[in-house]
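Side chains included, hydrogens not; waters and symmetry mates left out as well; all remaining heavy atoms used.
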Amino acid sequence: MDIAEDDPALSRAQRRALRRIYNGRTVPILAGGREFLTFREARVWLVTLPAGERDAACAEMIAQAK
């Protein structure tokens, strides 16, 4: 399953933030009971979620990266 880079499911701000936190990451981020080490893994999972859950999951990932 290949998701377009400019998929409207994720806002531009969300894509940029997630790209920054996953860039060069060596420790996975946990969200929804799953581990994500790359932006691509996280994006594929996020676009399958309903909008409200997707926003909450993005916020959770960003919070863990701080």
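Residue Leu37 comes nearest to Pro28 through the heavy atom pair CD1-N, 3.8 Å, listed as atom of the first residue, atom of the second, then distance. Between Glu35 and Glu41, the shortest heavy-atom distance links the atoms O-OE1, 4.4 Å.
Annotation: side chain to side chain donor-acceptor pair (under 3.5 Å) contacts involving residues 21-31, sequence neighbours excluded, are absent. Counting only residues at least two apart or on different chains, the side chain to side chain donor-acceptor pair (under 3.5 Å) pairs with a member in residues 49-59 are Gln14-Asp55.
Applying the side-chain contact (heavy atoms from CB on, under 4.5 Å) test to Ala31 and every residue at least two apart in sequence or in another chain returns Phe36, Trp45, Glu60, Met61.
Within the 4.5 Å cutoff, no side-chain heavy atoms of Arg43 are placed close to those of Leu18.
Annotation: the span from Arg20 atom CZ to Arg15 atom CZ amounts to 12.5 Å, rounded to 0.5 Å.
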